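Within every chain, numbering begins at 1; the chains are lettered A, B, ... in the order of the sequence lines, protein sequences first and strands thereafter. This is a predicted model, so every value here is computed, not measured.
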Protein chains: 2
Amino acid sequence: MALSDRKKQILKAVVDDYVQTAEPVGSRAVVARLKTNVSSATVRNEMADLERMGYLEQPHTSAGRVPSHLGYRLYVDELMNHYSVAPTEIDQFVSTLTLRMGELDRLIAEAGRMVSELTSHPAIAVSPVAEEEAVRRFEVIQVDAETVVLVLVTTSDIIKNRICHLTFPLSDLEVSAANRALNAHFTNIPLEQLTDERITSAEYDAGADITELLIAAIDFASDVLNTVMQRDVYLEGASQILKYPEFHDPNKAMALLDCLSDRNALSLLPMPDSEHPVKIQIGAENKTSPLDNASIIMTSYHTARGAKGLLGVVGPTRMDYAKVAARLCHFAEELNHLLNHDTRR
Amino acid sequence: MALSDRKKQILKAVVDDYVQTAEPVGSRAVVARLKTNVSSATVRNEMADLERMGYLEQPHTSAGRVPSHLGYRLYVDELMNHYSVAPTEIDQFVSTLTLRMGELDRLIAEAGRMVSELTSHPAIAVSPVAEEEAVRRFEVIQVDAETVVLVLVTTSDIIKNRICHLTFPLSDLEVSAANRALNAHFTNIPLEQLTDERITSAEYDAGADITELLIAAIDFASDVLNTVMQRDVYLEGASQILKYPEFHDPNKAMALLDCLSDRNALSLLPMPDSEHPVKIQIGAENKTSPLDNASIIMTSYHTARGAKGLLGVVGPTRMDYAKVAARLCHFAEELNHLLNHDTRR
DNA sequence: ACTTAGCACTCAGAGGTATAGAGTGCTAAG
DNA sequence: CTTAGCACTCTATACCTCTGAGTGCTAAGT
């Protein structure tokens, strides 16, 4: 059943007011906010309807109304204003990030920090990962006789390294043999096929002496591919959550923070897809109880090689969705520009 | 003026009790805690003395006593028990970290996480850095025609990488020329001498074509050396601070968290030195006001190459210094073992 | 059929007061 | 020097009242 236009305006007014004040909204406050000249009694009737339909809730009999999750949902999907973002904010975002171009992990973390700062909410940044990640390039760097650094570059330009202490010294020749063998036999292979049996063929090429090194490299590679799939997660500006009265209770705040810093819990996040580039998850829509009063706005960005990462913001359900979503959206777009067009530096 | 033995015992009892209960400690509670059979009146007299001397404080006339910073200081320096740490905790610490050996930055972050978990306090982990950091090894890895990854290994085995998009394609020969030039001319040079003028000599060797690459590499190197000097700082388990009643006030909690995630503020940390391997900073002993009610326990660890990093714990001044310091100490030691002896993967 | 004025009713929160109890300092005796 | 006893202080708690915001309902107006 569709809502009348006036009901929608009233719902919108309730949300807008509640977002600002954090106090239940009474009929008079709604009247003050509406352009149309109706009496508070009329609004009361409408609000009673809206409550019956599940869009509003009443903390107790003689209090104003508060939006329910359903109410927020309708607001977000249909009613909210679409903000534009101040150019100065975008400038700030871009210029801070430009300094970090090239160091992808730092860049992502820094993007999270900026988002958090500019939205006044905790932010989550998830490092990018391609659908089919594989090792594109190995490099064995010898740092002393028995120590090498293994560096690998994945399909989506993620760079990982690991230091590796061997039990025997290695000659220059062996190092370059290992390099050749690794790049010849173990690049551009999806994770599933990167199994130990492949080592046999490589051994043949490179000489059995360096098997230990090869095993370490393959180990590392499959480790990396595994953990890259798990993604790096950065939680920035966590303390901001304490600004919101709904998280003044230390237990609630702690539950939320713990949940946000647990990367496993993040798999429950609303993933944006092509249909909904900005995904908004409101309160109990997610199953994890600590997130009951929390909403998450998520969007994605992508690198030049098409790997997708996430950028999101967490706040109380009573959140200025319009403003925050707009900012998040713009920032993600700017990040895309940075990652894709600005090839210099 | 030295304190009588009994006064010390009473001070110790007050601290021990207060640490447990978070409530001002009365004379009766002290009597219950002391082995010696004295009356509460006697204890009251002694406590009045201790207050006059500045070791105790009274929130209000009819309340028990609370240790002052001075009281904690004396407790920490002379009075506290020396705990031993349960082997199971150490095992847990070591076995979790062993999985991360080789990826230094992850290892350090993970160590922080474990410390936080096992002490129930937020933990700070600072990545290691040697006194005189320099680039030990460069490596230019070509990933496609116009893209290279610059990897560098510093004196203390810190590995950093940066992706670098050039404005022209690069041949295999040029890449290896750049590699040779970089390693020949720019390794083992302290930061101060790593200036652009050195590029001239390298150009000569490698051919002017790759100047852009060389400049990027040197840029990167000096960047890295600069930021390595600034160190990576990991704050783990921040939310734990909310468990302590002294930080139930969201403003205080936020001020502290903000301060802890600000790496500049961390320069004010108590650095452990050879004389005091475990440094304890109590409340207002540090100048930053948000840390008024907070204490920090810090210790250091070092890598095989002698680079020193920090591991620390933050809590309310009312903190179980004995237990926490003991654990922190042991964990740092274990970290040293891992970093220095266990050269196998 | 919708709107609105009026009114009785509800309830959370503010403010005030009394009470209990923990703890003190002081005094005087052991 | 220690301790029992006692008067005193002060917070925290409970309980009360009162206020005001906000409601739902009814009945009259459009």
Item to check | B/Glu51 with B/Arg65: basic N within carboxylate O range, under 4.0 Å | outcome: yes

Checklist entry - Judged by atom type as modelled, is there a donor-acceptor pair below 3.5 Å linking the side chain of B/His276 to the main-chain atoms of B/Pro272? => result no

Checklist entry - What closest approach, in Å, do A/Ile297 and A/Tyr321 show between heavy atoms, and which atom pair accounts for it? => result CD1-CD2, 4.1 Å

Next on the checklist: If the helix axis at each end comes from five base pairs, how far does the helix from C/dA1-D/dT30 to C/dG30-D/dC1 deviate from straight, to 10°?
Outcome noted: 20°

Checklist entry - Whole-Å distance between C/dC9 P and A/His60 NE2? => result 19 Å

Checklist entry - Within less than 4.0 Å of OP1 or OP2 of D/dT3, is there a side-chain N or O belonging to B/Ser39? => result yes

Checklist outcome for this item: B/S/- along nucleotides 20-30 of chain C (protein heavy atoms under 4.0 Å) is --BSBB-----

Checklist entry - For A/Tyr55, does its backbone N or O pair with a side-chain atom of A/Ser68 as donor and acceptor, under 3.5 Å? => result yes

Checklist entry - Is there a donor-acceptor pair under 3.5 Å between the side chain of B/Ser116 and the backbone N or O of B/His121? => result yes

Next on the checklist: Please report the distance, rounded to the nearest Å, between CZ in B/Arg6 and C1' in D/dT3.
Outcome noted: 11 Å

Checklist entry - With a cut-off of 6.0 Å (strictly less than), are more than 12 heavy atoms of other residues, nucleotides or ligands near CG of A/Asn37? => result no

Checklist entry - Would B/Asp5 and B/Lys8 pass as an ion pair if we require N to O under 4.0 Å? => result no

Checklist entry - Cut-off 3.5 Å, side chains only: do A/Lys243 and A/Gln240 have a donor facing an acceptor? => result yes

